[in-house]
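Notes to accompany the following structure.
Start at 1 and go down the list; that is how both ligands and their atoms are numbered. All values reported here derive from a predicted model rather than from experimental measurement. Scope of the values below: all heavy atoms of this structure, side chains included, with no hydrogens, waters or symmetry mates.
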Amino acid sequence: MSLDNIPAVYRDDVQEVLLTAEQIGVRLDALADEIDRDYAGRDLLLIGVLKGAIFLMADLARRLTIPVAMDFMACSSYGSSTTSSGTVRILKDLEADIAGRHVMIVEDIVDSGLTLDYLVRNLRSRKPASLEVAALLTKPSRREVDLPVRYVGFEIPDVFVVGYGLDFAERYRGLCDIVALKPEIYGR
Ligand code: IMP
Ligand code: MG
């Protein structure tokens, strides 16, 4: 796919475009329909995991026709290296009590699954009425813990990707497409 939509300053860092903004939009239409059906008659609290999930949160919430509330959490995962440490720290907690509510964690990507595993266990202890996960991307080949991810946008191979909220060292989040970086950029 062409790199025409990548801003010139980033173009040399990109190996290939994995998912275009248009492909993401089409997939989100289908996911939102599925969630609307599954949650018909219920209110849903979306919990976005900062910062990678911001665009997914915005684009998903605007497609849903059920009543949604939004809250955000931030966890430390791995600074500027590219693999999970397994140690998760909450940097920003929820504003609201989730007891008795229908809750969906909105995540950018599930890689080892360690971050999400921690989050699910943490939120489950707060006694929501239900708890599911929506993730835009998963890398099944890298999974270290078995976790149920109810709504998945795309399964991708084991490549380091950025764009649509995903970063490397806080760069590239604003790209509209999801792209694989050249390995020399992230030094794998
Ligand atoms: P996990 O704990 O290994 O599942 O890592 C999850 C977190 O790592 C995600 O929420 C992302 O912030 C980050 N991450 C994992 N893979 C990638 C990637 O390919 N690009 C950018 N960030 C990633
Ligand atoms: Mg993240």
Side-chain angles (χ1 to χ4, degrees), residues 1 3 6-7 10-11 13-21 23-24 27-28 31 46-60 70-94 103-124 131-188:
M1 260 172 272
L3 302 185
I6 310 297
Y10 288 146
R11 210 167 288 150
D13 302 350
V14 171
Q15 177 105 307
E16 63 167 327
V17 175
L18 236 67
L19 298 163
T20 63
Q23 289 173 308
I24 297 167
R27 182 68 188 115
L28 291 185
L31 275 183
L46 299 175
I47 297 182
V49 184
L50 295 172
K51 301 169 227 173
I54 51 170
F55 297 119
L56 174 61
M57 187 77 166
D59 288 342
L60 186 62
M70 290 184 240
D71 206 342
F72 293 91
M73 283 183 86
C75 309
S76 66
S77 50
Y78 28 91
S80 58
S81 84
T82 59
T83 51
S84 223
S85 62
T87 326
V88 179
R89 204 156 47 93
I90 293 182
L91 304 176
K92 182 213 173 295
D93 207 339
L94 299 174
V103 172
M104 183 178 295
I105 299 173
V106 179
E107 248 291 33
D108 51 3
I109 184 166
V110 188
D111 184 33
S112 70
L114 293 167
T115 309
L116 195 56
D117 185 56
Y118 171 85
L119 266 183
V120 165
R121 280 187 284 125
N122 181 293
L123 294 183
R124 210 167 260 152
L131 180 63
E132 299 289 355
V133 177
L136 183 65
L137 306 173
T138 82
K139 293 181 189 170
S141 66
R142 290 183 43 94
R143 198 61 39 80
E144 289 175 29
V145 285
D146 189 31
L147 307 153
V149 181
R150 179 81 176 78
Y151 304 97
V152 173
F154 303 90
E155 291 193 350
I156 62 165
D158 180 15
V159 288
F160 194 78
V161 293
V162 296
Y164 196 74
L166 291 146
D167 73 308
F168 174 63
E170 295 301 324
R171 287 160 66 88
Y172 313 105
R173 285 195 202 276
L175 296 181
C176 298
D177 299 331
I178 291 177
V179 306
L181 283 182
K182 289 178 180 164
E184 63 261 35
I185 301 296
Y186 60 90
R188 190 180 273 183

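Under the 4.5 Å side-chain criterion, counting only non-hydrogen atoms from C-beta, Leu123 is in contact with Leu94. Inter-residue side-chain proximity for Leu116 and Val149 is flagged as met; some heavy-atom pair is nearer than 4.5 Å.
Between Ala180 and Leu18, the shortest heavy-atom contact is CB-CD1, 4.2 Å. In terms of heavy-atom proximity, Ala74 sits nearest to Leu50 at CB-CB, 4.1 Å.
Within the 4.0 Å heavy-atom cutoff, Leu137 does not count among the residues contacting ligand 1. Residue contacts with ligand 1 include Gly113, since one or more of its heavy atoms lies under 4.0 Å from the ligand. Remark: distances from the non-hydrogen atoms of Asp117 to ligand 1 are all 4.0 Å or more. For Leu116, the closest heavy-atom approach to ligand 1 does not fall below 4.0 Å. Within the structure, ligand 1 lacks Glu144 among the residues with a heavy atom less than 4.0 angstrom away.
Only the side chain of Asp108 comes within 4.0 Å of ligand 1, counting heavy atoms alone; its backbone N, CA, C and O stay farther away. Using a 4.0 Å cut-off between heavy atoms, Val162 makes no contact with ligand 1 at all. With a 4.0 Å heavy-atom cut-off, ligand 1 is reached by the backbone of Val161 and by its side chain too. At a 4.0 Å heavy-atom cut-off, ligand 1 touches Glu107 through the side chain alone.
Here is the list of ligand 1 atoms found below 4.0 Å of a heavy atom in Thr115: 1 (P), 2 (O), 5 (O), 6 (C). Those atoms of ligand 1 that come under 4.0 Å of a heavy atom in Lys139, given as number and element, are 16 (N), 17 (C), 18 (C), 19 (O). Less than 4.0 angstrom separates some heavy atom of Asp167 from each of these atoms of ligand 1: 21 (C). Near Ser112, meaning under 4.0 Å from one of its heavy atoms, ligand 1 places the atoms 1 (P), 2 (O), 3 (O), 4 (O). Taking every non-hydrogen atom of Leu166 and a distance limit under 4.0 Å, the qualifying atoms of ligand 1 come out as 21 (C), 22 (N). Those atoms of ligand 1 with a heavy atom of Asp111 less than 4.0 angstrom away are 1 (P), 3 (O), 4 (O), 5 (O), 15 (C), 16 (N).
Tyr172 and Asp13 form a side-chain donor-acceptor contact under 3.5 Å, judged by distance and modelled atom types alone.
At a threshold of 4.0 Å, the pair Lys51-Glu170 counts as salt-bridged, since one of the basic side-chain nitrogens sits closer than that to a carboxylate oxygen.
The line from CG of Leu137 to OH of Tyr164 is 10.0 Å long, rounded to the nearest 0.5 Å. Atoms CD1 and OH, from Ile105 and Tyr151 in turn, are 13.5 Å apart once rounded to the nearest 0.5 Å.
Tyr186 and Phe168 have perpendicular rings, their planes meeting at more than 60° on a 0 to 90° scale where under 30° would count as parallel.
At distances below 3.5 Å, at least one donor-acceptor pair connects side-chain atoms of Arg11 with backbone N or O atoms of Leu3.
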